[in-house]
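Just so we're clear, the structure is a prediction, and the values are computed from it rather than from any experiment.
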Amino acid sequence: MSSKKEQQLRKYGTLVVLFIFQVQIFGFDVDNRQATDVCSTHTILPGPKGDEGEKGDRGEVGKQGKVGPKGPKGNKGPGGDVGDQGMLGKIGPIGGKGDKGAKGLSGVSGKKGKAGTVCDCGRYRRVVGQLNINVARLNTSIKFLKNVIAGIRETDEKFYYIVKEEKNYREALIHCRDRGGTLAMPKDEATNTLIADYISSSGLFRAFIGLNDMEKEGQFVYADNSPLQNYSNWKEGEPHDPAGHEDCVEMLSTGEWNDSECQVTIYFVCEFLKKRK
């Protein structure tokens, strides 16, 4: 054979060998059966490392991860703009009295008045003043009489009258004495019951009577300075004055007595002796 033919035979032989090799590699037989039915005895060695491929497209955003731990406190930021004015709050309590202010400037002098007439008015002023005093006394007496007419209580020897004007003990004592009487002095059970019924029927709870221990603590005397003797009607637990301020006596609507402060202002009962014929 010529050299040209030898080269062609070699070429065809090489192709046949490669074809047989590839058939064994891919696991196919002449009947196109799958490679799982053929047991291959050949071992394929890995080839050399290929060139680096092109960079792929950017993948989708992954799921949000867990919240990490709280970081350290940051630096204080700059102050913000001033906000709008808030709603007006409630009015606060009235403050204390302030200090006296400085004296103001003197005003403009007034116009000169008209000349007065010469008059010896001192004598008339005294007369007018005395008249005013007399009128005031008459008004007080008229008021007292009106109240007396409205209702009194009496025994064989005395009249009793509730004065519905709030006064302290001393004022009440003076009020009764100025009208010829004194504060009521219940020295027996009958008189005490009469005054108690009078107070209760008048719708009152209590009223001053003429009894006190202002001179000596614990030693009660009547308004005429006679000592408390055989009769008394103290409320249970009374008199009770640990502080030493309750030196006057009031009668309750029940008829019981209670020691009270003399400075309280309440109604009171006056008594008057009947004139003997």
| Worked verdict on Arg206 versus Ile199 for side-chain contact (heavy atoms from CB on, under 4.5 Å) | CA-CA 7 Å; Arg206 60 179 183 168; Ile199 293 172; over 6 Å; no

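- Distance CG/Leu173 to NZ/Lys167: 12.5 Å, rounded to 0.5 Å.
- Counting heavy atoms from C-beta outward, Lys158 and Tyr160 have side chains that approach closer than 4.5 Å.
- Hydrophobic clustering of Ile, Leu, Val, Met, Phe, Trp and Tyr side chains at less than 4.5 Å, counting indirect connections, keeps Phe205 apart from Ile266.
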| field | salt bridge (charged side-chain N to carboxylate O under 4.0 Å, His left out) evaluation trace for Lys274 with Glu157 | value | CA-CA 6 Å; Lys274 288 183 177 180; Glu157 297 180 351; over 6 Å; no

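- Across every non-hydrogen atom of Asn258 and Glu238, the tightest pair is OD1-CD, 3.1 Å.
- Residues Phe208 and Val249 are not in side-chain contact: their nearest non-hydrogen atoms beyond the backbone lie 4.5 Å or more apart.
- Heavy atoms only, all atoms of each residue included: Tyr267 and Lys164 are closest at CE2-C, 3.4 Å.
- One N or O on the side chain of Asp241 and one on the backbone of His245 form a donor-acceptor pair closer than 3.5 Å.
- In this structure, CG in Leu204 is found 12.0 Å from CD in Glu250, a value given to the nearest 0.5 Å.
- For the pair Asp213 (side chain) and Gly218 (backbone), a donor-acceptor distance under 3.5 Å is present.
- Under the 4.5 Å side-chain contact rule for hydrophobic residues, Tyr161 and Ile174 do not share a cluster.
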| query | Going through the distances and angles, do Ile195 and Val269 end up as a side-chain contact (heavy atoms from CB on, under 4.5 Å)? | reply | CA-CA 8 Å; Ile195 297 173; Val269 184; 4.2 Å; yes

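- Of the possible donor and acceptor atoms, none in the side chain of Tyr169 sits under 3.5 Å from a partner among the backbone N and O of Asp247.
- Closest non-hydrogen pair, Pro186 versus Met251, comes out as CG-CE, 3.9 Å.
- The shortest heavy-atom contact between Lys187 and Ser226 is NZ-OG, 3.2 Å.
- Taking the six-membered ring wherever Trp is involved, the centroid distance between the rings of Phe159 and Phe272 does not fall below 6.0 Å.
- Closest approach of Ala223 and Met185 over heavy atoms only: N-SD, 3.6 Å.
- Separating the CD atom in Glu246 from the CD atom in Glu217 is a distance of 9.5 Å, to the nearest 0.5 Å.
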| said: Show, in sequence, the C-alpha distance, side-chain angles and deciding distance for Cys262 and Arg170, and conclude whether the side-chain contact (heavy atoms from CB on, under 4.5 Å) test is met. | reply: CA-CA 8 Å; Cys262 299; Arg170 291 186 183 276; over 6 Å; no

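- Between the side chain of Glu171 and the main chain of Asn168, a donor-acceptor pair closer than 3.5 Å is present.
- Within the model, atoms CG of Leu252 and OG1 of Thr254 stand 4.5 Å from one another, a figure rounded to the nearest 0.5 Å.
- Atom CG of Asp224 and atom CG of Leu183 lie 11.0 Å apart (nearest 0.5 Å).
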| said: Quick one, Asp178 with Arg137, criterion salt bridge (charged side-chain N to carboxylate O under 4.0 Å, His left out). Give me CA distance, side-chain angles, the key distance, then yes/no. | reply: CA-CA 11 Å; Asp178 285 347; Arg137 287 177 178 173; over 6 Å; no

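- Between the side chain of Tyr198 and the backbone N or O of Ile162 there is at least one donor-acceptor pair closer than 3.5 Å.
- Under a 3.5 Å cut-off, the side chain of Ser200 and the backbone N or O of Asp197 do not form any donor-acceptor pair.
- Of the N and O atoms on the side chains of Thr191 and Arg153, not one donor lies less than 3.5 Å from an acceptor on the other residue.
- Surrounding NZ of Lys235 are at most 12 heavy atoms belonging to other residues, nucleotides or ligands under 6.0 Å away.
- Trp257 and Phe220 have their aromatic ring centers separated by at least 6.0 angstrom.
- Applying the ring-ring contact (aromatic ring centres under 6.0 Å, His included) rule to Tyr222 yields no partners; only residues at least two apart in sequence or on another chain are considered.
- A single hydrophobic cluster is not seen to contain both Phe268 and Val221; linkage of ILVMFWY side chains at heavy-atom distances under 4.5 Å, directly or through other members, places them apart.
- The distance from the CG atom of Asn212 to the OG atom of Ser260 is 12.0 Å, given to the nearest 0.5 Å.
- At most 12 heavy atoms of other shown residues, nucleotides or ligands fall within 6.0 angstrom of atom CD in Glu189.
- In terms of heavy atoms, Asn192 sits closest to Gly255 at ND2-O, 3.0 Å.
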